[in-house]
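Okay, structure first, notes after.
Letters A, B, ... are given to chains in the order of the sequence lines, protein chains preceding strands, and every chain is numbered from 1. Scope of the values below: all heavy atoms of this structure, side chains included, with no hydrogens, waters or symmetry mates.
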Amino acid sequence: MKNNTKYLVTAALPYANNYIHIGHVAGAYLSPDIYVRYRKLKNDDVIFISGSDEHGTAIEMASIIEKITPQEIIDRYHFSNKKAFEDLGIQFDIFSRTSSDIHHKTAQEFFLNLYNKNILVKRSDKQLYSEKEKRFLADRFITGTCPVCGYEEARGDECENCGSNLSPSELINPRSKITGDIPVEKETTHYYFPLGNYQEKLSEWIFSKTDWKSNVINYCKGWFKAGLRDRAITRDLDWGVKVPVEGNDGKVIYVWFEAPIGYISMTKELFIKRNEPDKWKEYWCNKDSRLIHFIGKDNIVFHSIVFPSMLMAHGDFNLPHNIPANEFLNIGGEKFSKSRGNGILVKDIVKEFEPDVIRYTIATNFPESKDSEFTWKDLQSKNNNELAAILGNFINRTVVFAKSKFCNIIPGDKSLDNSDTEILNQFKESAASVSAFYDNFRFRDALSETMNAVRSANKYFNDSEPWKLIRDNKERCEAVIYTCLELCHSIAVLISPVLPFTADKILKILNKDKSDFNWEKIGERVLKSGTELGESLILFPQIEDSQIEKLISESTDSTAVKKTEMPENVIELEDFKKVNLKIAKVIECEKVAKSKKLFKLKLKIGDTEKQIVSGIAEFYNPEDLIGKLIVVVDNLKPSKLMGIDSHGMLLAAKTDGQLKVITVDGEINDGAVVN
RNA sequence: GCCGGGAUAGCUCAGCUGGUUAGAGCGUCGGAAUCAUAAUCCGUAGGUCGGGGGUUCAAGUCCCUCUCCCGGUACCA
């Protein structure tokens with residue numbers, strides 16, 4: 001019989017145009033997996049939902065760039081990411097996708113629900129349309145001048161300079177970010193969600209939450225302060241969920257509105273698969289069900305403001321009970337390539353290390369209150385000094401002792417004394433405090449408390465000195481080893497949320513089934529004397545320096561082997577001839593004030609003089625360049641950099657952390673043509 | 001440059017609404033032990049909490065300022 005309270009746990013829907021990396025795992029996936037596994041051990045009624053977010057402009061754009069269909073894009077990332085999660089032991093009850101029929105249907109029903117209640121506002125507007133691209137341009141693919149602060153490169157959805165929320169039509173001098181095409185205004189009709197109407201209810205609701213993390217609350221405060229605005233929830237686009245109202249051909253529901261509904265549709269799908277098609281309602285609608293969203297900090301606004309307001313408007317569903325958002329996990333330490341910044345992909349790291357080692361390293365470093373750091377050396381040290389030394393060693397020393405001194409049989413429990421029951425009781429107390437940490441989403445503290453329990457098991461072994469008892473008090477020795485084996489079982493349960501694979505291995509070593517594998521049995525006696533043990537094995541082999549050094553150098557060496565490929569953007573000779581390259585002599589050179597990278601150079605090119613601005617100040621001193629013969633693009637359209645005119649561009653070679661200006665081999669007159 | 005987030009022991013991080021001698025793990029060093037993957041257990045040392053001002057009886061914790069770091073973005077070779 002399950003406990004009454006139900007838990008509906010969701011993990012952020014990964015966007016299906018990228019492979020997930022360990023930063024994602026640390027932010028939004030490992031903590032819910034640990035939480036859910038813990039809840040299941042407590043016999044709680046919990047389901048764990050996630051899936052790929054597969055619609056939207058970015059995916060459509062990616063398909064255009066790669067010249068394949070959006071379906072091919074999302075298939076690639078969906079299946080790869082699904083497998084990556086499995087390999088890491090992230091065990092969803094369902095990991096589905098928003099391209100499914102049931103999601104389309106659910107999202108449309110949700111939309112219609114609001115539509116029929118006249119909550120949605122229909123508005124005809126002039127939107128920006130590119131004749132050249134034959135499409136309406138998505139917000140983020142338009143740039144222009146911010147009407148609030150005058151910043152010239154504001155995006156269609158927000159100004160990154162002043163943080164204002166914008167809609168593209170507000171921009172001054174808009175243009176396509178993709179082609180630079182100047183879009184024209186074209187009449188189109190869209191539905192708007194009146195987010196502003198919910199501000200009061202939302203803020204009241206959020207500020208009533210005393211147990212939410214401060215980063216979540218603070219983020220919302222910022223949004224409330226700025227004021228919530230109505231947002232269009234449809235788009236002129238092919239790739240997405242069709243607007244279910246007649247007369248809206250060529251329109252889809254905007255992803256930010258449609259994707260979170262995926263949590264609902266995926267829950268439905270789960271219970272259809274379980275042959276209980278109505279049961280999803282118990283999790284979404286019953287008062288005694290708790291909806292918990294695990295997300296990274298980049299997702300806070302959608303889960304704490306947008307989606308809840310949608311749920312309020314709809315009315316049938318529960319609001320989130322908590323949103324324990326994490327910060328970011330950075331890949332640091334050794335000189336990783338900053339310019340690439342792809343992070344460590346899950347699909348790659350699982351080939352290198354056992355999933356539990358990866359899980360442990362990430363979990364001890366969860367960015368719970370601020371960004372944290374992941375390094376290969378840390379992983380090695382966590383494996384060798386903690387997992388192997390403390391956990392692996394305790395299991396191993398116990399089992400090896402039983403094997404060599406008691407014929408691999410669980411010894412007698414006849415003469416347990418106070419010290420034995422004490423350590424078992426101590427484990428019960430540990431389990432209670434670990435519980436309290438999990439209940440409050442304090443995963444690092446939970447794990448550290450868990451390891452303390454394992455340490456105390458080692459201490460018990462040391463203090464009991466079974467290697468001496470075996471000589472002069474065999475019965476006591478049996479009791480001690482029996483107790484240690486019980487501790488092994490307790491440890492298996494205790495660590496299993498974080499280290500599920502290791503827990504299974506320990507059960508095999510103990511030759512024990514899962515009948516007593518739950519939280520209540522921690523510190524209890526569940527083994528039978530006289531039972532044969534299974535095969536012992538090393539749980540955490542040492543990770544050698546050489547393996548770590550190899551990984552460090554691989555991720556550092558940006559020049560490392562890259563296959564020669566035909567570049568995608570082949571040009572004709574004619575194209576190259578358009579560029580006038582000339583030799584120029586540097587006459588003057590000075591640093592541009594307040595700039596980090598810019599030099600202002602005066603050049604002599606034959607009879608003419610010209611001024612250019614160049615971003616090489618981090619690599620040269622001004623005096624180094626004066627007198628040098630360099631190569632410049634003579635016919636480049638002039639531009640202004642930090643208010644200074646630049647009439648050309650010098651050529652330089654650049655790689656990570658290095659830049660060299662192109663010069664000529666020997667003397668030649670300035671003004672000479674380069675080709 | 002702008003926006004955002006940081007700066008606490010060698011390393012990775014805790015320190016709630018300001019209140020006794022600033023904490024943990026790992027690493028260091030010393031000791032005990034030898035069943036165990038040279039793994040354990042006990043103990044030790046290490047910080048004027050980035051600098052400087054201020055508010056307060058009292059500040060790592062609040063305010064101002066400076067420096068540096070990270071992320072995003074812009075300076076585009």
Work out how far the [atom1] atom of [N] is from that of [M], and round it to whole angstrom.
| N | M | atom1 | answer |
| --- | --- | --- | --- |
| B:rG47 | B:rC2 | C1' | 35 Å |
| B:rU55 | B:rC13 | P | 35 Å |
| B:rG51 | B:rU56 | P | 23 Å |
| B:rC66 | B:rU28 | C1' | 35 Å |
| B:rG15 | B:rA9 | C1' | 14 Å |
| B:rC63 | B:rG6 | P | 12 Å |
| B:rC70 | B:rU61 | C1' | 23 Å |
| B:rU44 | B:rG23 | P | 13 Å |

Next item on the list: If the glycosidic angle is within 90 degrees of 0 it's syn, otherwise anti, so just tell me which one B:rG54 is.
Entry: anti
For [X], enumerate each residue passing the side-chain hydrogen bond (donor to acceptor under 3.5 Å, both in side chains) test, keeping only those at least two apart in sequence or located in another chain.
| X | value |
| --- | --- |
| A:Tyr360 | A:Glu386 |
| A:Asn458 | A:Arg397 |
| A:Asn365 | A:Asp378 |
| A:Ser404 | none |

Margin query: In terms of relative ring orientation, are A:Trp256 and A:Phe302 parallel, tilted or perpendicular, with 30° and 60° separating the classes?
Written below: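 If you compare the ring of A:Trp256 with that of A:Phe302, the planes turn out tilted.
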Notebook entry, point to check: Which class fits the ring pair A:Phe461 and A:Phe401: parallel under 30°, tilted 30 to 60°, perpendicular over 60°?
Noted result: perpendicular
Check: Mapping A:Lys297 and A:Leu387 to their closest nucleotides on RNA chain B, which lands nearer the 5' end?
Finding: A:Lys297
Next item on the list: Take A:Ala389 and A:Pro466, find for each the nucleotide of RNA chain B with the closest heavy atom, and name the residue whose nucleotide sits nearer the 5' end.
Entry: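 With A:Ala389 and A:Pro466 compared, the 5'-side residue is A:Pro466.
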If you restrict it to nitrogen or oxygen atoms, what contacts under 3.5 Å exist between nucleotides 27-34 of chain B and the protein, and what is each distance?
none

Check: Can you give one letter per nucleotide of nucleotides 10-18 of chain B, going 5' to 3': B for a protein heavy atom under 4.0 Å from the base, S for sugar-phosphate only, - for none?
Finding: --SSS----
Checklist line | Nucleotide nearest A:Ser614 (side chain, heavy atoms from C-beta), chosen from B:rU40, B:rA77, B:rC41 | finding: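 Nearest to the side chain of A:Ser614 among the choices is B:rA77.
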Note to self: Of the listed nucleotides (B:rC26, B:rC35, B:rU40), which one gets closest to any side-chain atom of A:Phe401?
What the structure shows: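 Of all the options, the side chain of A:Phe401 is nearest to B:rC35.
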Among residues at least two apart in sequence or on other chains, which ones pass salt bridge (charged side-chain N to carboxylate O under 4.0 Å, His left out) with [X]?
| X | value |
| --- | --- |
| A:Asp504 | A:Lys514 |
| A:Lys628 | none |
| A:Lys585 | none |
| A:Lys405 | none |

Students often get this wrong, so: under 4.0 angstrom with heavy atoms, is [X] touching a base, only sugar-phosphate, or nothing?
| X | result |
| --- | --- |
| A:Ala388 | base |
| A:Leu539 | base |
| A:Ser381 | sugar-phosphate |
| A:Phe461 | base |
| A:Phe540 | base |

Note to self: Taking A:Asn299's backbone N and O only, do any of them form a donor-acceptor pair with A:His303's side chain (distance below 3.5 Å, no angle check)?
What the structure shows: yes
Between [X] ([atom1]) and [N] ([atom2]), how many Å, whole number?
| X | N | atom1 | atom2 | result |
| --- | --- | --- | --- | --- |
| A:Glu544 | B:rU37 | CD | P | 15 Å |
| A:Lys505 | B:rU37 | NZ | C1' | 14 Å |
| A:Arg476 | B:rC35 | CZ | P | 19 Å |
| A:Leu485 | B:rA36 | CG | C1' | 14 Å |
| A:Ile509 | B:rU37 | CD1 | P | 13 Å |
| A:Asn458 | B:rC41 | CG | P | 5 Å |
| A:Lys459 | B:rG43 | NZ | P | 8 Å |
| A:Leu391 | B:rA36 | CG | P | 19 Å |

Check: If you write RNA chain B from 5' to 3' in dot-bracket form, with Watson-Crick or G-U pairs under 3.5 Å, [ ] for crossing pairs and | for pairs with another strand, what do you get?
Finding: (((((((..((((.....[...))))..((((.......))))......(((((..]....))))))))))))....
Notebook entry, point to check: Are any of the side-chain nitrogens in A:Glu327 or A:Lys297 under 4.0 Å away from the carboxylate oxygens of its partner?
Noted result: yes
Next item on the list: Cation-pi check, A:Lys213 to A:Phe441: give yes when NZ or CZ is under 6.0 Å from the six-membered ring centre and within 45° of the ring axis, no otherwise.
Entry: no
Check residues 465-473 of chain A and write down every donor-acceptor pair under 3.5 Å in which the side-chain atom is one partner and the other belongs to a residue at least two apart or another chain.
from: A:Glu465; atom 1: OE2; to: A:Lys468; atom 2: NZ; distance (Å): 3.1
from: A:Asn473; atom 1: OD1; to: A:Arg476; atom 2: N; distance (Å): 3.3

